[in-house]
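Accompanying notes for the structure given below.
As the structure is a computational prediction, the values presented were derived from the model and not from experiment. Heavy atoms only: backbone and side chains are in, while hydrogens, waters and symmetry mates are out.
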Amino acid sequence: MSLQLDSTSFEKFLKQFTDRFTPELVEHFAMLRPDPEFQARLNELGAKANEGTLTDQERSEYATYVEAMDVVALLSVKALARSKKGRED
């Protein structure tokens with residue numbers, strides 16, 4: 001079962017966080033990178049996904065990571081945009 005998110009509601013939800021980000025937190029999100037162990041697991045799952053050999057459990061794990069990384073990426077982009085706008089004002 002796949003959950004479909006309402007983009008407008010999701011945007012409002014993220015905005016409540018990014019509007020309160022300090023410059024230090026914006027920088028933190030911009031520099032955030034996965035640790036080597038996690039990156040290795042992600043690479044392994046990605047390779048198996050490309051080969052079509054993921055188990056059901058691995059497929060769920062990989063999808064969870066991808067969704068979580070999308071949220072972090074969105075927070076980062078929104079925080080950076082807010083930071084840039086603040087410097088232009």
[X], [Y]: one ILVMFWY side-chain cluster at the under-4.5 Å cut-off?
X	Y	result
Y65	V71	no
L14	V77	no
F21	L32	yes

**OP:** Over all heavy atoms of both residues, which pair between Y62 and G46 is shortest? Give the atoms and the distance, please.
**Re:** OH-CA, 3.5 Å

Subject >> Non-hydrogen atoms of L54 and R59 that approach each other most closely >> reply: O-NH2, 3.2 Å

Straight-line distance of [X] [atom1] to [Y] [atom2], nearest 0.5 Å:
X	Y	atom1	atom2	result
D56	E61	CG	CD	13.0 Å
D70	L75	CG	CG	11.0 Å
L45	T64	CG	OG1	10.5 Å

**OP:** Taking S76 for its side chain and V72 for its backbone only, find out whether a donor-acceptor pair lies under 3.5 Å.
**Re:** no

**OP:** Give a yes or no answer on whether the side chain of E58 reaches the backbone of T55 with a donor-acceptor pair at less than 3.5 Å.
**Re:** yes

Subject >> Exercise: do N43 and Q39 side chains pair donor with acceptor under 3.5 Å >> reply: yes

Original post:
Around atom CD of Q16, are there more than 12 heavy atoms of other residues, nucleotides or ligands at under 6.0 Å?
Top reply: yes

Original post:
If you look only at pairs with a residue in residues 11-30, which of them pass as a salt bridge (charged side-chain N to carboxylate O under 4.0 Å, His left out), with sequence neighbours excluded?
Top reply: E11-K78, K15-D19

Original post:
Between R41 and E44, is the closest basic N to carboxylate O distance under 4.0 Å?
Top reply: yes

